[in-house]
Structures are given as structure tokens and as C-alpha cells.
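Just below is one structure, and these are the notes that go with it.
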Number of protein chains: 2
Amino acid sequence: MPTPQTLDRTLTALADPTRRAILQRLSSGEARVTDVAQPFNMSLNAVSKHILVLERAKLVKRRKVGRDHYLSYRPEPLDAAAKWIAETRTFWASRLDALEQLLRDEDAANR
Amino acid sequence: MPTPQTLDRTLTALADPTRRAILQRLSSGEARVTDVAQPFNMSLNAVSKHILVLERAKLVKRRKVGRDHYLSYRPEPLDAAAKWIAETRTFWASRLDALEQLLRDEDAANR
DNA sequence: TTTACATTCAACCAACAGGTTGAATATATT
DNA sequence: AATATATTCAACCTGTTGGTTGAATGTAAA
């Protein structure tokens, strides 16, 4: 299970369409910072910052070759987040079953 | 599939431990704003703002009874987010299979 | 060795997030 | 009618986000 802070970083990184697009691009293979930035309608520096956020969340790894930085997609945090959400959903759903909810509603109505 | 903006809102809402704790609290049944705020070490107003974020993400629904506002947890956006992540992960993983990655690495090496 | 390229660093800015306090509003209770 | 409770609204503050531009750094190519 991811530590809360790890989860925060993963979800924050994913909660931005530019960063999701970067991940999608990298899912088809390594690319340099410039390559990743090319399709976006913003400065290279802006994309570089987004990449930093993804690195902090360990969704992207960097391999330096001379002046080029090759970026690659790392699926592990996504796996962990998906697992956390699925487990949490199950747990929460179990606390919302029909009978329990009915009893709580009655309790609330009688207050 | 959730619209990108919906996904943004869901992930943003989930990327905060206070808001996750609020959802957890509500997963065991309805509660009023004051009840939800009680355990937190912050002002009622701060919690009220967090609830607004959760409402915007449709993770919480509000039912007003007199001066009391009863809040309830809505799992649907969580389901949608989990589904999106799972599908995306599968899609991205399929583009990262061993052969394709090998070919791309050779291509990169020969540049 | 000069020039071009890939990238970050640094400073700045506007908008937003997350918190505060104080007042306003609406409803209950006495 | 007066008071207490539940909640939001409004203004404010501080720190962060997401963007910009310009300069610095390191490496490759002419």
C-alpha cells in the first residue's frame, strides 16, 4: 500500500491533462525532454517543470546521455494508485451496505 | 469514460489526505458538516471548503434539512477513476511490451 | 575555437489552494 | 422575542502551481 504522501504525489501528478499527455507519449518509448515538449503549446521550461513533478511521483525516470536526457515511463506508481483506489472503494462500499444505511437513516430521522 | 475535466476534479479531490479522511468518514453513513469537521484540527470553515471540493467532484452529495446539511458519500466518480486508471494502464503497458521496447532502444542506440 | 543544441537555473508573475477570522443568514430552542 | 446553533459568505494571508523570459551550463558539431 502506498504511503499517504506517495499517494498524494501520484494523484497530484495525474490530475493534470498535460502531465497525463506526457505519460502517454512516454508509454510508447523513451524520449528526450525536447521531443516530449515539442507537441505542446507552451515553453520548453514549462514542460521541464511538469516532468519534474512526474519524476517526484516516480512516474518518469531520467537517463542522461551527454547533453540529452532520456525520459521513460514507470508504471509502478500507477499500479499502486489503482490498487489503492480499488481496495478503498471495496472497503468503503462494504460500510455502505443497504441494511446499515437503512438503520443509520432511521437513526437520523428519529433524532 | 470520464471527461478529462471530470477526471481532473476527481483526482484533485482525492489527492489530499483531509479530503480522503472526510470521504472515509462519510463511507460509514451520512453526517452533518459539523459532525464531519469535529475530528479535524482545523476550523469548520476550512472543512466546509474541502467539502465543496468534494461536491464539485460529485464525490459528496448534500441534503438540507432545516439548518442541518446532511452529507453522503457517492462512490461513482471513484469507480470511474479506478476504471480509467486500469484501462489506461493496460493501454500504456501494451505499448511498452518487450519487443517494441527493444526495437526502440536499438533505434535510439544507432542515432 | 566558435557556434549550435539540450537542458536547467533563477527571477518573476498571475491564479489558485488551503488556511484563518469575522460577519451574515437561516433555523431551532427557550 | 431573545438566544443559540448550523452553515455559508467575504475578506484576507501565505505558500504553491503553472506559466513566462533570460541567463547559465554542459556537450556536440563546424
Side-chain angles (χ1 to χ4, degrees), chain A residues 4-23 25-26 29-57 59-72 107-111, chain B residues 4-23 25-26 29-57 59-72 107-111:
Chain A
Q5 213 194 1
T6 298
L7 195 58
D8 287 1
R9 289 198 175 134
T10 304
L11 294 175
T12 299
L14 291 176
D16 179 286
T18 301
R19 287 192 288 265
R20 289 198 298 271
I22 291 174
L23 288 182
R25 166 68 172 86
L26 292 178
E30 276 193 336
R32 301 172 309 149
V33 175
T34 306
D35 301 333
V36 168
Q38 191 275 326
F40 292 101
N41 190 23
M42 67 182 73
S43 74
L44 177 67
N45 277 4
V47 174
S48 175
K49 282 195 193 177
H50 280 300
I51 291 168
L52 273 184
V53 174
L54 291 168
E55 271 190 292
R56 216 179 19 149
L59 282 159
V60 160
K61 206 191 144 202
R62 184 186 302 255
R63 177 172 68 89
K64 300 182 190 175
V65 177
R67 63 185 172 181
D68 298 314
H69 296 200
Y70 287 94
L71 307 171
S72 57
D107 180 45
N110 293 338
R111 216 173 266 158
Chain B
Q5 214 193 0
T6 298
L7 194 59
D8 287 2
R9 287 196 177 136
T10 304
L11 294 175
T12 299
L14 291 176
D16 180 285
T18 301
R19 287 192 289 266
R20 289 197 297 270
I22 292 174
L23 289 181
R25 166 69 172 84
L26 292 178
E30 278 193 335
R32 300 171 310 149
V33 175
T34 306
D35 302 332
V36 168
Q38 192 275 325
F40 292 101
N41 190 23
M42 69 182 75
S43 74
L44 177 67
N45 277 4
V47 174
S48 176
K49 282 195 192 178
H50 280 301
I51 291 168
L52 272 185
V53 174
L54 291 167
E55 270 189 294
R56 217 177 23 144
L59 282 159
V60 159
K61 207 191 143 199
R62 184 186 302 255
R63 179 171 67 90
K64 300 181 188 176
V65 178
R67 63 184 170 180
D68 298 314
H69 296 200
Y70 287 95
L71 307 171
S72 57
D107 179 44
N110 294 336
R111 220 174 260 155

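Here is how names work: the chains are called A, B, and so on, in the same order as the sequence lines, proteins then strands, and each is numbered from 1.
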- Determine: side-chain N/O of B/His50 to OP1/OP2 of C/dG18, distance under 4.0 Å, yes or no. no
- Query: Got a second to check how far B/Thr18's OG1 is from B/Asn41's CG, nearest 0.5 Å?
  - Reply: 10.0 Å
- Side-chain N,O (B/His69) to OP1/OP2 (D/dA6) below 4.0 Å: no
- Task: May I ask you to evaluate whether A/Ser43 reaches the phosphate of D/dT20, defined as a side-chain N or O under 4.0 Å from OP1 or OP2?
- Result: yes
- Atom CG of B/Leu54 and atom CZ of B/Arg9: how far apart are they, to the nearest 0.5 Å? 13.0 Å
- Message: Closest-nucleotide mapping onto DNA chain D: is B/Thr34 or A/Val47 further toward the 5' terminus? I mean the 5' end.
- Response: B/Thr34
- Task: Compare all side-chain heavy atoms of B/Glu55 with those of B/Leu52 and state whether any distance is below 4.5 angstrom.
- Result: yes
- Can you measure from NE2 (A/His50) to CD1 (A/Ile22) and round to the nearest 0.5 angstrom? 6.0 Å
- Query: Just how far, in rounded Å, is P of D/dC12 from CG of B/Asn45?
  - Reply: 16 Å
- Given that B/Thr18 and A/Asp68 both sit by DNA chain C, which one's nearest nucleotide is further toward the 5' end? A/Asp68
- Item | Short side-chain to backbone donor-acceptor contact, A/Arg56 and A/Ala13, under 3.5 Å | no
- Rounded to whole Å, CZ of A/Arg56 lies from P of D/dT16 at a distance of 10 Å
- Take the protein atom OH of A/Tyr70 and the nucleotide atom P of C/dT8, then report the distance between them rounded to whole Å. 14 Å
- N/O (side chain, A/Ser48) to phosphate O (OP1/OP2, C/dT8) under 4.0 Å: yes
- Using whole Å, report how far NZ of B/Lys49 lies from P of D/dT7. 18 Å
- Closest-nucleotide 5' rank along DNA chain D - winner of A/Ala46 and A/Thr12: A/Thr12
- Query: If only side-chain N and O atoms of B/Arg19 are considered, is one of them under 4.0 Å from the OP1 or OP2 phosphate oxygen of C/dG18?
  - Reply: yes
- Message: From CD1 of B/Ile51 over to P of C/dA17, roughly how many Å is that when rounded to an integer?
- Response: 17 Å
- Task: Let me know the distance between CG of A/Leu44 and P of D/dG18, rounded to the nearest Å.
- Result: 17 Å
- Item | Atom pair distance, as rounded to whole Å: CD in A/Glu55 and C1' in C/dT8 | 12 Å
- Query: Within the pair B/Arg67 and D/dT7, is there a side-chain N or O less than 4.0 Å away from OP1 or OP2?
  - Reply: no
- Note on the structure: From CG of B/Asp35 across to C1' of D/dA6 the rounded distance in Å is 10 Å
- Query: Is any side-chain nitrogen or oxygen of B/Arg62 closer than 4.0 Å to OP1 or OP2 of D/dT7?
  - Reply: no
